[in-house]
2 protein chains.
Amino acid sequence: MPNQNYHHGDLKTELIKEGIKLLNSEGYEGVSLRKIAKACGVSQTAPYRHFKNKDDLINAILMEAMQDFSQSLGKPAEEYAADPQKQLKAIGLAYIEFFSKNPDYLKLLFSSDLLDKLNTESQLAFHSKSRHFETGHPFAIFYHAVKNYAASSSENTMSEQELLLYCWGLVHGIAVLLTNTSKLPFEGDYLAIAKSLLESEEFLR
Amino acid sequence: MPNQNYHHGDLKTELIKEGIKLLNSEGYEGVSLRKIAKACGVSQTAPYRHFKNKDDLINAILMEAMQDFSQSLGKPAEEYAADPQKQLKAIGLAYIEFFSKNPDYLKLLFSSDLLDKLNTESQLAFHSKSRHFETGHPFAIFYHAVKNYAASSSENTMSEQELLLYCWGLVHGIAVLLTNTSKLPFEGDYLAIAKSLLESEEFLR
DNA sequence: ATAATATGTTGACAGTGAAAACATTGCGTG
DNA sequence: CACGCAATGTTTTCACTGTCAACATATTAT
């Protein structure tokens with residue numbers, strides 16, 4: 001029977017859980033190791049038994065978040081598996097919607113080294129289709145949809161790399177802008193605009 | 001005759017200058033008020049006589065940076081003033097190239113509240129053409145090029161808002177991705193890819 | 001010249017990430 | 001079962017950060 005006041009039981013996963021909670025409640029800037037530790041009812045330095053440093057914890061949190069993300073992209077990927085273009089467009093929209101709902105993930109993702117780590121640790125994960133929903137590269141689904149479309153479309157004249165940059169860039173850029181609507185020059189339902197944009201022929205005819 | 005050890009003379013502008021230097025040398029994470037103050041040979045709290053807080057100084061630094069940015073966009077804007085499509089494409093490329101060379105500005109820009117401030121303080125600046133190069137909204141040039149193209153093109157079927165989201169989103173997204181090339185799945189000269197992409201008919205035919 | 005103001009300094013405080021030294025628990029091996 | 005070692009948690013401490021209050025000095029206006 002474990003002493004309730006010392007060994008915690010499953011601190012590692014609870015740190016991640018409380019980290020996500022804190023991120024959602026206080027936002028990107030409000031996340032600190034000490035707060036997370038306190039939320040778990042544990043000393044300030046306890047997290048260091050489970051994570052090398054703050055960025056390591058952040059990466060673990062993101063890993064969790066990217067699971068949601070992968071699922072959000074996976075749904076349209078399956079639904080429109082038969083039509084590569086429709087699939088790609090639907091995935092793009094899901095990408096935008098996800099970060100629109102979770103703006104802090106976007107900031108976190110590009111200020112941590114999660115993606116670098118994933119790229120070096122498991123280059124495979126990005127290219128293999130099987131592991132997307134686990135620990136693989138969160139953008140693999142997107143990447144495969146792009147490859148799929150490139151292979152299927154007779155209209156497309158872009159190289160695979162161009163196409164990836166085009167699709168990912170557009171979708172990511174819109175996501176960034178939408179999480180900063182106050183930075184945009186006029187008001188409006190930008191999410192709706194983004195939707196009609198992706199569905200139009202201007203993007204992938 | 002000013003005492004050399006007390007009143008500094010022109011601390012405010014030197015703080016900005018040293019701030020930019022620090023940003024370029026140590027990167028986004030390495031910027032702190034205290035370091036900037038020390039670089040100016042002044043006490044830690046001296047900056048508070050000229051700036052309300054850190055974000056205020058950061059905004060001033062960005063203001064300076066955005067001047068460069070505006071000029072980088074202004075050059076192709078003038079060069080291709082006669083051909084709205086070419087102009088828009090050239091501006092887009094300049095946008096990408098600028099942040100590709102100054103990746104830290106990109107991070108800073110979207111983690112400060114500069115754009116919000118500009119939008120509330122001078123909504124006009126974004127819409128008027130005359131003040132771009134001074135204190136106006138740094139994206140006004142881009143915006144005007146979009147409007148220009150929308151008005152001139154008979155091919156374009158998008159609304160002005162759609163078009164802005166499309167162009168700005170694409171260009172911004174690519175800029176973000178290029179400043180994180182290590183996050184991309186394969187290696188290559190992404191800047192060159194981006195260039196050929198913008199020039200292709202896939203983007204604004 | 002003197003008062004008001006602008007500008008700079010000192011010292012302090014709370015919050016942060018991190019390391020070192022120490023304490024407690026639980027597990028594996030004899 | 002007992003013992004020792006590894007895992008996990010705590011305390012203490014450090015350097016660094018942004019910011020404030022109180023004080024000092026210079027500049028400017030009256």
Side-chain angles (χ1 to χ4, degrees), chain A residues 1-23 25-62 104 107-108 111-114 116-117, chain B residues 1-23 25-62 104 107-108 111-114 116-117:
Chain A
M1 193 63 65
N3 182 331
Q4 286 192 337
N5 284 351
Y6 223 89
H7 280 30
H8 182 284
D10 197 5
L11 183 55
K12 183 163 185 173
T13 68
E14 187 167 337
L15 284 168
I16 295 173
K17 207 169 147 190
E18 289 297 334
I20 292 179
K21 236 197 254 175
L22 194 67
L23 182 64
S25 67
E26 300 211 22
Y28 170 71
E29 311 258 318
V31 173
S32 86
L33 271 185
R34 289 159 118 103
K35 279 187 198 166
I36 296 176
K38 182 170 288 182
C40 293
V42 102
S43 80
Q44 315 165 347
T45 58
Y48 286 92
R49 298 293 143 179
H50 300 277
F51 300 98
K52 197 168 118 275
N53 51 34
K54 185 184 182 181
D55 220 46
D56 202 26
L57 209 193
I58 296 290
N59 279 342
I61 289 175
L62 270 174
D104 294 306
K107 284 187 182 178
L108 223 52
S111 65
S112 81
D113 60 352
L114 210 217
D116 302 83
K117 262 192 165 172
Chain B
M1 194 64 63
N3 182 332
Q4 286 193 338
N5 285 350
Y6 224 90
H7 281 29
H8 182 284
D10 196 4
L11 182 54
K12 181 163 185 174
T13 67
E14 187 166 336
L15 284 167
I16 296 173
K17 207 169 148 191
E18 290 296 333
I20 292 179
K21 237 197 253 177
L22 195 67
L23 182 62
S25 66
E26 300 209 24
Y28 170 71
E29 310 259 318
V31 173
S32 87
L33 270 186
R34 288 159 118 103
K35 278 187 198 166
I36 295 177
K38 183 170 287 182
C40 293
V42 102
S43 79
Q44 314 163 349
T45 57
Y48 285 90
R49 297 296 142 179
H50 300 277
F51 301 96
K52 195 169 119 274
N53 52 31
K54 185 184 181 182
D55 220 47
D56 201 28
L57 210 193
I58 296 292
N59 279 342
I61 289 175
L62 270 174
D104 294 305
K107 284 187 182 178
L108 223 52
S111 64
S112 82
D113 60 353
L114 211 215
D116 302 82
K117 263 192 164 172

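So that the names make sense, note that chain A is the first sequence line, chain B the second, and so on, each numbered from 1.
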## Note on the structure
In whole angstroms, the gap separating P of D:dA7 from NZ of A:Lys12 amounts to 13 Å
### Query
So how far is it from B:Ser112 OG to B:Lys54 NZ, rounded to the nearest 0.5 Å?
11.5 Å
#### Entry: B:Ile36 CD1 - D:dT17 P separation (whole Å)
11 Å
### Atom-pair distance (CG on A:Asn53; P on C:dG17), nearest Å
11 Å
What protein N or O atoms touch nucleotides 11-16 of chain D N or O atoms at under 3.5 angstrom, if any, and at what distances?
from: D:dT11; atom 1: O4; to: A:Thr45; atom 2: OG1; distance (Å): 2.6

### Task
Given side-chain hydrogen bond (donor to acceptor under 3.5 Å, both in side chains), test A:Tyr28 with B:Ser111 step by step and report yes or no.
CA-CA 10 Å; A:Tyr28 170 71; B:Ser111 64; over 6 Å; no
### Message
Please report the distance, rounded to the nearest Å, between CG in B:Asp10 and P in C:dA6.
### Response
17 Å
### Query
Within less than 4.0 Å of OP1 or OP2 of C:dA6, is there a side-chain N or O belonging to B:His50?
no
### Task
Look up atom CG in A:Leu57 and atom NE2 in A:His50, then write down how far apart they are to the nearest 0.5 Å.
10.0 Å
### Task
For A:Asp104 and A:Gly27, indicate whether the former's side chain and the latter's backbone hold a donor-acceptor pair under 3.5 Å.
no
### Query
Between atom NZ in B:Lys52 and atom P in D:dT19, what is the gap in whole Å?
9 Å
### Atom pair distance, as rounded to whole Å: CG in A:Leu15 and P in C:dG17
13 Å
#### Entry: Nearest-neighbour nucleotide for the B:Arg49 side chain, C:dA18, D:dA22, C:dA21 considered
D:dA22
### Task
Could you check which residues of residues 54-62 of chain B get a heavy atom under 4.0 Å from DNA chain D? Sort them by number, please.
B:Lys54
### Query
Once you round to the nearest 0.5 Å, how far does CD of A:Glu14 lie from CD1 of A:Ile36?
11.5 Å
#### Entry: Inter-residue atom distance A:Lys35.NZ - A:Leu23.CG, 0.5 Å rounding
11.5 Å
### Query
Taking atom P of C:dG8 as reference, at what distance in whole Å does atom CD of B:Glu14 sit?
10 Å
### Message
Which residue in the set B:Ile16, B:Ile58, B:Asn59, B:Leu33 passes side chain to side chain contact (heavy atoms under 4.5 Å, CB included) when paired with B:Phe51?
### Response
B:Ile16
### Task
Write down the distance between NZ (B:Lys38) and C1' (D:dT17), rounded to a whole number of angstrom.
13 Å
#### Entry: Enclosure of B:Lys17 NZ (heavy-atom neighbours >12, cutoff 6.0 Å)
no
### Task
Keeping to residues at least two apart or across chains, list the side chain to side chain donor-acceptor pair (under 3.5 Å) pairs with something in residues 36-46 of chain B.
B:Arg34-B:Gln44
